[in-house]
Amino acid sequence: MVTTAAAATAEWVFFKFHPSRFTNPNRPLTSRGSNRLGFRRFSSSASLSVTAAASSSTVNEVDPKREPVSLGHATRPDFPILHQEVNGSKLIYLDNAATSQKPTAVLKALQNYYATYNSNVHRGIHYLSAKATNEYELARKKVATFINASDTSEIVFTRNATEAINLVAYSWGLSNLNAEDEIIVTIAEHHSAIVPWQIVARKTGAILKFVNLTPDEAPDTAQLKEMLSKKTKLVVIHHVSNMLGSVGAKVLVDACQSVPHMVVDVQNLNADFLVASSHKMCGPTGVGFLYGKSELLSAMPPFLGGGEMISDVYLDHSTYAEPPSRFEAGTPAIGEAIGLGAAIDYLSEIGMQRIHDYEVTLSPVASFGSIIVHLFMGAAFLDCGLILFCFYTGCNEPGLYKVLSITIENEDESSSYHANGLKSFLRLEVELSNYLYESLRSVPNIQIYGPVPSQTVRRAALCSFNVKDIHPTDIATFLDQQHGVAIRSGHHCAQPLHRHLGVNASARASFYFYNTKEDVDNFVLALKDTVNFFSSFR
């Protein structure tokens with residue numbers, strides 16, 4: 001029951017949501033303007049129900065007798081690949097940390113490019129070339145807006161995040177690092193964030209230093225701070241908050257596992273470089289991007305030589321184009337970049353804060369560092385406690401529904417509502433926050449890697465695990481062949497991390513916004529059946 005000075009009863013709750021009006025999808029949402037949470041009066045006996053529409057700018061008033069529709073259920077129809085059987089079972093796709101599935105809007109964008117205006121960019125004056133160029137550069141603008149870059153020239157299209165890191169390593173690293181300079185990396189980084197710097201260190205004499213994990217299997221931030229010195233020239237790390245700006249080191253952020261799941265603002269991060277891949281954010285494979293501060297990119301030499309990246313070519317020398325063209329030699333992945341732009345449109349219509357909040361409620365979220373055996377997802381920004389309502393009101397209190405004050409605006413008035421009366425309703429969503437982790441704990445002999453979730457430690461929407469005496473590849477194979485469940489097994493391009501954990505491989509189930517609570521239930525049931533099968537041979 002909601003108790004306020006203005007109203008003692010209400011009838012039900014509804015949302016007013018205008019995704020199409022977002023000019024900047026990464027702008028923090030507040031209770032101002034078009035993003036408002038409305039209340040209608042309800043009787044104390046009425047049940048509460050909420051639906052947030054991601055594709056309509058009209059108010060959705062939900063029958064209180066019906067169950068709320070989750071974001072996963074609302075978006076699944078947009079992903080054709082999810083509606084099939086695999087090995088005689090309904091597909092349950094839980095390998096999203098490796099690659100995400102593609103919505104119909106992205107598939108149509110690719111089809112439209114190749115069917116109606118396929119042409120090379122920046123070179124022709126005919127209609128098809130001009131249209132292809134416009135759409136390609138529009139995709140660059142969408143990326144810049146999506147991560148809040150100050151200018152489109154700060155966005156360089158690459159084949160993937162790996163190439164983006166190598167671009168920085170070979171162009172900036174070989175030009176700026178010298179003997180005894182230090183590069184700091186955590187042991188939990190993806191191989192693509194380690195190997196290029198090993199190569200550069202050998203060529204320049206620079207020294208690689210690694211940040212270890214705490215006993216709770218989280219990155220040791222205290223050790224990281226202790227390592228920073230005047231010799232530190234670069235810190236390569238997964239998505240973290242801006243804690244390095246005062247030490248004089250350049251910071252490269254691997255955001256492959258954060259850009260698809262949460263609001264990312266490069267100006268707020270003050271990152272010097274940031275990389276991400278299209279295929280993990282509902283876009284096509286074969287394209288990624290590098291963000292770099294303008295002054296850094298302008299001072300960097302080319303990474304590859306050839307067409308498009310030049311200004312003038314002579315027999316004895318060449319001059320180079322300004323960024324980003326300087327780093328995009330040859331014909332780029334035109335259709336893929338346009339598809340990435342379509343993916344950004346799709347994600348922006350939903351809202352990245354909404355995606356983040358839904359994944360928070362679906363499974364545990366980790367503060368700077370729950371172990372994700374691939375990369376650290378989530379990072380230090382997942383401190384939103386009021387899971388459902390904070391998206392609409394801008395509330396960022398960490399106390400969940402214990403002590404909260406929500407400012408709500410409607411057409412006529414603005415009032416402050418205390419969340420104590422909403423406790424039973426909030427629990428409907430809040431209890432899902434640990435659902436994946438707690439469900440997996442019921443599996444016999446399972447070890448889940450990373451910190452235990454708590455009020456201060458929140459995990460991302462995946463779990464890496466092992467089951468005693470069962471190889472993770474056997475687990476993944478049985479789940480696929482007998483239950484149609486797709487998870488990942490292996491070292492996940494993180495061998496140093498696995499060695500630190502004392503294992504050769506692990507299994508990993510990773511979720512995205514189109515997954516549902518039922519996916520968790522079916523996965524855990526299938527995993528228990530898998531464990532029972534292999535245990536029967538002992």
Side-chain angles (χ1 to χ4, degrees), residues 51-52 54 67-86 89-104 106 256-262 279-283 343 346-347 349-366 370 372-375 377-378 382 387-388 391 428-440 443 448 453 458-465 476 479-480 483-489 492 507-527:
T51 293
E67 291 293 324
V69 177
S70 72
L71 181 59
H73 289 98
T75 56
R76 285 181 71 84
D78 297 335
F79 295 84
I81 198 171
L82 299 179
H83 306 283
Q84 63 174 298
E85 289 190 354
V86 173
S89 300
K90 178 183 176 182
L91 172 65
I92 301 174
Y93 184 77
L94 304 178
D95 194 20
N96 293 284
T99 196
S100 65
Q101 297 304 338
K102 321 307 175 193
T104 301
V106 171
C256 287
Q257 299 289 2
S258 57
V259 167
H261 298 277
M262 58 188 286
H279 71 94
K280 294 185 180 181
M281 51 188 293
C282 295
Y346 179 83
L347 294 174
E349 279 293 298
I350 298 172
M352 292 310 299
Q353 188 64 49
R354 186 183 179 204
I355 288 172
H356 160 63
D357 291 343
Y358 174 72
E359 292 179 359
V360 168
T361 63
L362 183 62
S363 77
V365 201
S370 119
I372 308 303
V373 183
H374 177 276
L375 285 175
M377 292 172 57
L382 309 184
I387 301 301
L388 182 60
F391 170 64
L428 175 69
E429 292 292 332
V430 170
E431 283 181 350
L432 293 177
S433 64
N434 294 323
Y435 195 75
L436 172 62
Y437 187 90
E438 293 301 327
S439 297
L440 278 177
V443 177
I448 304 171
R458 305 178 180 92
R459 296 176 55 101
L462 65 73
C463 279
S464 295
F465 63 92
L479 286 172
D480 173 62
H483 297 282
V485 177
I487 68 167
R488 180 57 60 96
S489 65
H492 317 302
R508 183 187 67 196
S510 51
F511 290 71
Y512 207 9
F513 61 85
Y514 44 68
N515 290 119
T516 65
K517 176 178 174 288
E518 288 75 19
D519 288 337
V520 178
D521 294 337
N522 291 328
F523 161 58
V524 172
L525 285 174
L527 181 58

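When a residue number appears, it is its place in the shown sequence, counting from 1.
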Query - Nearest heavy atoms of R76 and K90, plus distance in Å - result: NH2-CE, 4.1 Å

Report task. Can you measure from CG (D521) to OG (S439) and round to the nearest 0.5 angstrom? Result -> 6.0 Å

Query raised in the report: Are S510 and L94 close enough that some pair of their side-chain heavy atoms sits under 4.5 Å apart?
Result: no

Requested in this report: Mind checking the CG-CD spacing from D95 to Q101? Nearest 0.5 Å is all I need.
Outcome: 9.0 Å

Query raised in the report: Out of curiosity, C256 SG to H279 NE2, how far, rounded to the nearest 0.5 Å?
Result: 7.0 Å

Query raised in the report: Looking only at heavy atoms, which two atoms of L479 and L527 are closest? And how far apart?
Result: CD2-N, 3.7 Å

Query raised in the report: Are any side-chain N or O atoms of E359 and backbone N or O atoms of Y512, one a donor and one an acceptor, separated by less than 3.5 Å?
Result: no

Report task. Check the side chains of Y93 and N515 for a donor-acceptor pair under 3.5 angstrom, ignoring hydrogens and angles. Result -> no

Query - Interatomic distance, Q257 atom CD to M281 atom CE [nearest 0.5 angstrom] - result: 12.0 Å

Query - Where V106 and C282 come nearest, the two heavy atoms and their spacing - result: CG2-O, 3.4 Å

Query - Side-chain donor/acceptor of T104 to backbone N/O of D78, under 3.5 Å - result: yes

Report task. Could you check if a side-chain atom of L71 sits within less than 4.5 angstrom of a side-chain atom of R354, using non-hydrogen atoms only? Result -> yes

Report task. Answer yes or no: is there a side-chain heavy-atom contact under 4.5 Å between I81 and K102? Result -> no

Query raised in the report: Would a 4.5 Å heavy-atom cut-off, applied to side chains only, mark R508 and R488 as touching?
Result: yes

Query raised in the report: Got a second to check how far S464's OG is from H492's NE2, nearest 0.5 Å?
Result: 5.0 Å

Report task. Could you give me the CA-CA distance, side-chain angles and deciding distance for Y514 and N96, then say whether side chain to side chain donor-acceptor pair (under 3.5 Å) is met? Result -> CA-CA 10 Å; Y514 44 68; N96 293 284; 2.3 Å; yes

Query - Distance-only polar pair, side chains of S89 and H483, donor-acceptor under 3.5 Å - result: no

Requested in this report: For residues V443 and F465, determine if any side-chain heavy atom of one lies less than 4.5 Å from a side-chain heavy atom of the other.
Outcome: no

Report task. Determine whether M262 and M352 make a side-chain contact, defined as any pair of heavy atoms from C-beta on separated by less than 4.5 Å. Result -> no

Requested in this report: For the residue pair V485 and D480, establish whether any side-chain heavy-atom pair is separated by less than 4.5 Å.
Outcome: no

Query - Spacing of F523 atom CZ and L440 atom CG [to the nearest 0.5 Å] - result: 5.0 Å

Report task. Kindly give the heavy-atom pair with the smallest separation between K280 and T99, and that separation in Å. Result -> CG-CA, 4.4 Å

Report summary line: Nearest heavy-atom approach of L462 to A97 is CD2-CB, 3.9 Å

Query raised in the report: Have N522 and E518 got a donor and an acceptor in their side chains that come within less than 3.5 Å?
Result: no

Report task. Would you check if the side chain of D519 reaches a backbone N or O of T516 as a donor-acceptor pair within less than 3.5 Å? Result -> yes

Query raised in the report: Do the two ring centres, one from F513 and one from Y358, sit under 6.0 Å apart?
Result: no

